Amino acid sequence: MKNLWVFGLIIFSVAACDSQQQAVDTAAEKPAAVKAAPVVAKVAETQDFATLIQQAEDLYTQTEGVKHAWTINLDRLKDARLAAEAGDMDKAVANAEEAIKLSRLALKQAESEKTQWRARVPQ
Amino acid sequence: MKWINLSALFLASIIAVPAQADSLADSAANPATNPEADRQALRNLYQQKFPNIGLADFKDGVYAIDAKMREQWLELEDFPPYEIAIDEGEELYNTPFANGKSYADCFGDDPGIKHNYPLFDQARGGVVTLEIAINECREENGEAALPWLVGELAQISAYMAYNSRGKNFDIKIDSPEAVAAYADGKQFYYTRRGQMNFECGSCHQQKVGQMLRAERTSPSLGHATQWPVYRGRWQYVGNIQKRFQECNIQVRAVPFEAQSEEYRNLEYFLTYMSNGMELNGPGSRR
């Protein structure tokens with residue numbers, strides 16, 4: 001019975017040690033994880049922004065193609081790039097999204113004006 | 001033989017009638033194919049909007065419809081700010097090129113030819129503005145082309161406009177290709193663009209004569225008569241296409257290049273709308 005107690009104590013202490021070590025490991029890893037998260041997020045943000053700004057630029061090129069480019073889109077694209085360079089990804093994304101929205105409106109204008117202009121000619 | 005001829009004539013008439021009908025149908029579908037009807041409709045519009053103003057008076061632009069502004073403008077005309085540009089233009093015009101020739105070799109003895117521009121050049125299939133003609137004259141004589149909108153080209157243009165004073169615009173649209181260029185310019189004029197969603201007529205036809213901030217909007221009838229213009233805002237003389245660019249930017253549309261096909265066709269349309277009106281350029285505007 002005494003041996004059984006001794007054996008139990010050894011098992012418990014090993015388990016406790018392991019658990020403690022895991023806790024130590026986790027504690028040791030935690031700062032590293034906290035440091036890595038923004039880096040990973042930043043890379044993801046940058047990749048997202050690259051896709052977004054490409055989409056915004058492609059749409060702007062389309063508005064040029066149909067001769068309905070808007071100056072404000074140039075401003076938004078420029079602001080987006082400058083914000084990205086400054087590391088302000090929220091602002092960069094917001095500007096790129098705005099540019100996309102405005103380009104879509106410009107394309108809509110170009111499409112509707114293919115016929116609408118006629119109604120304004122004095123008769 | 002006689003019957004054969006008659007049959008051929010009959011067949012030809014059957015073929016010709018649908019062709020003519022198609023042509024008329026096209027004309028009805030596309031109002032741009034009748035420039036003269038457009039011009040008359042525009043004149044009627046201004047006659048209705050401003051029944052107390054003679055149509056010929058629209059050559060003075062906004063000063064035809066605003067008495068107080070007209071008074072100020074007439075006082076300014078005593079010592080017009082564009083006078084220096086005319087003098088400088090005259091000197092440039094009469095200075096021989098390096099090869100000994102001059103602008104007179106291109107345009108003849110009378111520099112007052114602005115009333116014929118822009119014209120449609122059938123050979124090149126496009127609209128030629130006075131500024132293009134001036135620069136082509138230079139290049140044909142071994143000189144470099146001048147910048148389009150301001151500076152020496154605007155000064156030479158001002159001198160030529162000054163010599164064209166009192167003449168009436170005589171713009172010709174006499175081929176299907178010329179009509180197509182006119183139609184493009186017309187479509188440009190009435191097409192909404194920019195974030196502000198304005199067309200040229202928004203200010204100059206629908207809202208003509210109303211205040212836009214501190215400025216009264218000018219009528220499009222007579223818009224071409226006074227160019228080039230010294231604008232107080234610019235502090236120098238500039239050509240009409242500079243104003244086209246400015247207008248586009250004001251409605252937040254990306255402007256086109258000076259002397260682009262878009263602006264040449266627009267100038268062709270707009271000038272034709274002033275056909276028969278007296279030139280009084282260069283002018284001064286606020």
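All of these numbers come straight from a predicted model, not from anything done at the bench. Within every chain, numbering begins at 1; the chains are lettered A, B, ... in the order of the sequence lines, protein sequences first and strands thereafter.
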Supply the atom-to-atom distance [X] [atom1] to [Y] [atom2], rounded to the nearest 0.5 angstrom.
X: B:Phe188; Y: A:Lys67; atom1: CZ; atom2: NZ; result: 9.0 Å
X: A:Gln123; Y: B:Asp38; atom1: CD; atom2: CG; result: 8.0 Å
X: B:Met196; Y: A:Thr71; atom1: CE; atom2: OG1; result: 10.0 Å
X: A:Lys114; Y: B:Gln187; atom1: NZ; atom2: CD; result: 10.0 Å

Checklist entry - Which atoms of A:Ala69 come close to chain B, meaning under 4.5 Å heavy atom to heavy atom: side chain ones, backbone ones, both, or neither? => result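 Contact with chain B involves both backbone and side-chain atoms of A:Ala69.
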
Item to check | Under 4.5 Å from a heavy atom of chain B, the part of A:Leu105 involved | outcome: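 Interface part for A:Leu105: neither.
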
Checklist entry - For the residue pair A:Trp117 and B:Thr191, what are the closest heavy atoms and their distance? => result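 Minimum heavy-atom contact is CB-OG1, 3.7 Å.
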
Checklist entry - For the residue pair B:Ala41 and A:Pro122, what are the closest heavy atoms and their distance? => result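 For B:Ala41 versus A:Pro122, the nearest heavy atoms are CB-O, 3.4 Å.
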
Should we count [atom1] of [X] as having more than 12 external heavy atoms under 6.0 Å?
X: B:Glu278; atom1: CD; value: yes
X: B:Glu246; atom1: CD; value: yes
X: A:Lys91; atom1: NZ; value: no

Quick check on [X] against chain A: is it the side chain, the backbone, both or neither that has a heavy atom closer than 4.5 Å?
X: B:Tyr189; result: neither
X: B:Gln195; result: both
X: B:Glu262; result: side chain

Can a donor-acceptor pair be found, under 3.5 Å and without considering hydrogens, that links the side chain of [X] to the backbone of [Y]?
X: A:Arg120; Y: B:Tyr190; value: yes
X: A:Gln109; Y: B:Gly194; value: yes
X: B:Arg192; Y: A:Ser112; value: no

Item to check | Most contacts with chain A, counted as non-hydrogen pairs under 4.5 angstrom, among B:Asn197, B:Asn44, B:Leu42 | outcome: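 Option with the greatest count: B:Asn197.
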
